[in-house]
Each structure stands twice: as C-alpha cells, then as structure tokens.
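Numbering of ligands and ligand atoms starts at 1, following listing order. No experiment lies behind these values; they were computed from the predicted model shown.
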Amino acid sequence: MLNIVLFGPPGAGKGTQSAKLIETYQLVHLSTGDLLRSEIAGGTELGLKAKGLMDAGLLVPDEVVIGMIDNKLAQNPTAKGFIFDGFPRTIPQAQALDSLLTNRGTGISAMIALEVEEKELISRLLIRGQSSGRTDDQNEELIENRVKEYNTKTAPVASFYKEQNKYFSVYGIGEIEEIFSNLCAIMDKLK
Ligand code: B4P
C-alpha cells in the first residue's frame with residue numbers, strides 16, 4: 001500500500017494537492033478537516049463540539065479525530081493506499097496512526113510536507129474566506145491562531161517521520177501544476 005501523510009500549515013495546499021494525487025494514484029483521500037465539516041453540516045453531537053474549537057482556530061481533541069480515521073480505514077478495506085490530509089496534527093495522533101496501520105499489516109510510506117511562508121498562508125486563507133463560507137477563514141486574527149496552533153502542536157510531527165527516514169518536502173508557492181509535478185516525482189519513487 002502507498003500511505004502518504006500530506007503535511008503543512010493551514011492553507012499550504014494540502015486539500016488542493018490531495019484532490020489531484022488521489023486521482024493520479026487511485027488512493028483514498030482522508031481529510032480530518034472535511035470529515036469534521038461534514039459532522040458539523042449534519043448537526044451531530046460531535047460536530048457541535050468540534051465547531052466551537054474550529055471556529056476559534058484550535059485543534060479538536062485527539063481521540064475524536066483518531067476515532068474518525070479508524071472508522072474510515074475500516075470502511076475502505078480494499079484501498080490501494082491513503083492520502084492523510086490534515087492528519088496527524090499532533091504526536092499522539094501520529095503514534096495512534098502508526099498502530100492503526102500496523103494492526104492492518106501496513107504503515108506510512110512517507111510524509112510529504114508543503115513549505116509555505118506565513119504571509120502567503122494568511123493571504124490565501126483570507127481570499128478563500130471570501131467565497132468558501134468557512135467560518136475559520138473569516139479574519140486574520142483567527143487565521144493567525146491556526147498558524148500558532150500549527151507551530152506549537154503540529155510542526156513537531158515532522159520530526160516523528162524524520163526519525164523514521166520518511167520525511168520529504170516540496171516548496172508550496174508557485175503554480176499548482178508545478179507543485180503537483182514535484183509531489184509526483186516523490187510519489188513515483190515511493191511506488
Ligand atoms: P483543514 O480542513 O485541514 O484545513 P486547512 O489546514 O486550512 O487546510 P486546507 O487543506 O483546507 O487548505 P489548502 O491548504 O488546500 O482543518 C480545518 C480545522 O479542522 C483545523 O483548524 C482544526 O480545527 C480542525 N482539524 C482538522 N484536522 C484535525 C486534526 N487532525 N486534529 C485536530 N483538529 C483538526 O488551501 C488553502 C487555500 O489556498 C485554498 O483556497 C487554495 O485554493 C489555495 N491554494 C492552494 N494551493 C495554492 C497555490 N499553489 N497558489 C495559490 N493558492 C493556492
């Protein structure tokens with residue numbers, strides 16, 4: 001199986017590039033952000049709890065997202081592999097993902113990080129906020145909170161994969177197609 005963690009700060013292009021990667025490599029896309037937003041749209045108890053945290057730019061509790069990923073892995077037993085988009089976002093999530101995959105006889109092939117400077121992230125998310133309707137893209141202060149949350153809790157996850165020699169990075173500013181082709185160059189070596 002080809003199991004990839006697509007990593008990067010909010011607005012780095014994870015969702016954008018995941019959509020292209022799953023088509024080219026026929027993988028299943030697992031975005032915890034999308035899963036949480038669908039819980040919110042469905043008005044579930046989990047969604048209601050998550051909404052307050054997401055609207056404040058904070059991460060939702062580890063056990064919530066780990067449970068969602070476990071369910072999705074179980075629902076896709078014949079997948080050729082997965083693109084994990086926005087997960088893991090903390091070290092406990094990374095450890096949990098390792099054991100979920102080990103229990104299924106597989107593991108993470110690589111983490112690929114999209115590198116984008118903070119100024120560009122804020123500008124992209126403010127632009128997306130004008131049309132996405134996403135409440136967490138609505139103002140600069142909130143976006144800065146998300147970046148802060150990333151720097152303190154999520155950035156250390158890269159070391160987890162570096163220590164396993166599974167870390168790769170791609171510069172994430174430029175044409176979407178050019179970034180995609182740089183990602184594909186790494187994916188093709190991993191296949
Ligand atoms: P996510 O849904 O993961 O949202 P995100 O980090 O903002 O990234 P996204 O993938 O949507 O954006 P992209 O970079 O593609 O998370 C939302 C919230 O959910 C989190 O803040 C947290 O509260 C919660 N959450 C999710 N997962 C969690 C977890 N595991 N643990 C705890 N909490 C969790 O794109 C951004 C914009 O840039 C787009 O408009 C796009 O068009 C544009 N763009 C992309 N590439 C570009 C390029 N090359 N040039 C110019 N613009 C580009």
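A distance limit of 4.0 angstrom between heavy atoms and ligand 1 selects the residues Pro10, Gly11, Ala12, Gly13, Lys14, Gly15, Thr16, Thr32, Gly33, Leu36, Arg37, Met54, Leu58, Leu59, Val60, Val65, Gly86, Phe87, Arg89, Gln93, Arg124, Leu125, Arg128, Arg134, Asp136, Arg146, Gly172, Gly174, Ile176, Ile179.
A salt bridge links Glu177 and Lys20; the closest N-O separation between the charged side-chain nitrogens and carboxylate oxygens is under 4.0 Å. Electrostatic pairing of Glu120 and Arg124 counts as a salt bridge here, judged by a charged N lying under 4.0 Å from a carboxylate O.
For residues 166-191, the set of pairs meeting the ring pair (Phe, Tyr, Trp, His ring centres under 6.0 Å) definition, not counting sequence neighbours, is empty.
Using a 4.5 Å heavy-atom threshold, the side chains of Val64 and Lys49 count as separate.
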Legend entry - Stepwise side chain to side chain donor-acceptor pair (under 3.5 Å) check, Lys72 with Gln75: CA-CA 5 Å; Lys72 286 287 163 189; Gln75 285 165 16; 3.2 Å; yes
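The hydrophobic cluster containing Tyr25 also contains Ile186, counting ILVMFWY residues as joined when their side-chain heavy atoms lie under 4.5 angstrom apart, directly or transitively.
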